[in-house]
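Side chains included, hydrogens not; waters and symmetry mates left out as well; all remaining heavy atoms used.
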Amino acid sequence: MDSRHDRELPLRERKKRETRQRISDIATDLIGKRGFDAVTVAEIARAAGVSPMTVFNYFPRKEDLFLDRIPEAAGLFASAVRDRAPGESPFAALRRLALRLLEERHPLGGVGDTFADFWRIVADSPALRARAREGVEEVEAALTDAFGEAGVADPGLSAALAMAAYRTVFVASVRRLLAGDPVAEVAREHRGRLESAFDVLERTAVDG
């Protein structure tokens, strides 16, 4: 998780990020081995060498220990719109982000060699499924703000359409991974569906 940006942060902030990442990594490992319901926050805290209160300072809910990228997703999607290139439409900026995440096999990109195990755990836990749905709503809210700042006529509708398109492609690929389909094949078709989805979104924006 180290990056040039992280290295430029003040020492206190870097240490906080490192602690958060360590807790999340340990939680993911324990939950991956035993399942979400079988692991307690107290166990995660002991393994990370911190108190349960410290865990909750970083992660308000147990589900956030496993689905820890929701804030990152909200930030990435909103930043793609806010920091888009001159003359680039918000949907074009989101397309570029989605394709980059896929190319990098980023956890938010939808397709990767180890993603099936992660999503199988989510699928097996009602609490994680519910939190994932809330996460989509949080990303949509951040995207609505960004579309509003971009001067889009109906930012809420545009954000909802973007999230619906991305989620539809994402979920279809996750299901294929869970079914055991080859990652390379899923990635290729995921890219094609993303391109088609954003083609529709951009035509809708122009037509609107």
Side-chain angles (χ1 to χ4, degrees), residues 1-9 17 21 24 67-116 118-119 122 132-178 181-208:
M1 293 295 292
D2 188 25
S3 66
R4 179 180 176 184
H5 174 69
D6 288 341
R7 292 193 297 271
E8 291 174 350
L9 291 170
R17 290 195 176 199
Q21 189 61 50
S24 175
L67 297 172
D68 65 315
R69 292 187 181 270
I70 292 172
E72 180 184 359
L76 282 173
F77 277 67
S79 293
V81 173
R82 291 191 176 105
D83 303 333
R84 66 192 186 281
E88 185 177 38
S89 74
F91 283 138
L94 289 173
R95 179 203 297 258
R96 183 161 51 83
L97 171 65
L99 293 176
R100 176 173 66 81
L101 293 175
L102 173 63
E103 183 68 24
E104 294 175 355
R105 295 297 188 267
H106 189 283
L108 297 173
V111 182
D113 292 329
T114 63
F115 291 8
F118 177 90
W119 287 108
V122 174
R133 287 192 293 270
E134 291 178 357
V136 171
E137 294 173 357
E138 291 171 22
V139 177
E140 184 178 318
L143 199 50
T144 296
D145 289 342
F147 273 120
E149 293 170 16
V152 173
D154 193 335
L157 177 59
S158 293
L161 289 171
M163 288 306 301
Y166 193 76
R167 180 183 178 279
T168 298
V169 175
F170 194 103
V171 169
S173 293
V174 168
R175 286 174 176 164
R176 290 197 59 191
L177 292 174
L178 291 173
D181 291 348
V183 172
E185 177 183 317
V186 176
R188 183 171 59 254
E189 295 190 10
H190 184 94
R191 183 184 183 90
R193 288 195 300 271
L194 279 176
E195 294 279 20
S196 296
F198 278 102
D199 284 345
V200 172
L201 288 173
E202 292 195 67
R203 285 199 302 271
T204 300
V206 171
D207 293 343

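- In this structure a side-chain-to-backbone donor-acceptor pair under 3.5 Å is missing from E72 to R69.
- Checking each of L143, L201, L76 against L94 for a side chain to side chain contact (heavy atoms under 4.5 Å, CB included) leaves exactly one that passes, namely L143.
- Side chains of D181 and R175 form no contact here, defined as non-hydrogen atoms less than 4.5 Å apart.
- Looking at F91 and S158, their side chains come closer than 4.5 Å, going by heavy atoms from C-beta outward.
- The shortest side-chain heavy-atom distance between P155 and E149 does not fall under the 4.5 Å cut-off.
- When every heavy atom of A98 is checked against every heavy atom of F198, the shortest pair comes out as CB-CE1, 4.1 Å.
- No more than 12 heavy atoms of other residues, nucleotides or ligands shown are found within 6.0 angstrom of CZ on R167.
- Scanning both residues, V169 and A197, for their nearest heavy atoms gives CG2-CB, 4.3 Å.
- Residue P90 comes nearest to F147 through the heavy atom pair CB-CE2, 3.1 Å, listed as atom of the first residue, atom of the second, then distance.
- With contacts defined as side-chain heavy-atom distances shorter than 4.5 Å, the pair R105/D113 does not qualify.
- When all heavy atoms of V139 and A73 are compared, the pair lying nearest together is CG2-CB, 3.8 Å.
- Contact of the E88 side chain with the R96 side chain is registered, since non-hydrogen atoms from C-beta on lie closer than 4.5 Å.
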Step-by-step side-chain contact (heavy atoms from CB on, under 4.5 Å) determination, S173 to E189
CA-CA 8 Å; S173 293; E189 295 190 10; over 6 Å; no
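- Around atom CZ of R82, more than 12 heavy atoms belonging to other residues, nucleotides or ligands sit under 6.0 Å away.
- A donor-acceptor distance shorter than 3.5 angstrom exists from the side chain of R84 to the backbone of V81, with no hydrogens or angles considered.
- For the residue pair H190 / E195, no side-chain donor-acceptor distance below 3.5 Å is found, with atom types taken as modelled.
- Proximity of L194 to R95: side-chain heavy atoms (C-beta onward) are nowhere separated by under 4.5 Å.
- Annotation: F77 is in aromatic contact with Y166 [ring centroid separation under 6.0 Å].
- Residues I70 and L67 form a side-chain contact, since some pair of their non-hydrogen atoms from C-beta on lies under 4.5 Å apart.
- Between E104 and R100, at least one side-chain nitrogen of the basic residue sits less than 4.0 Å from a carboxylate oxygen of the acidic one, meeting the salt-bridge criterion.
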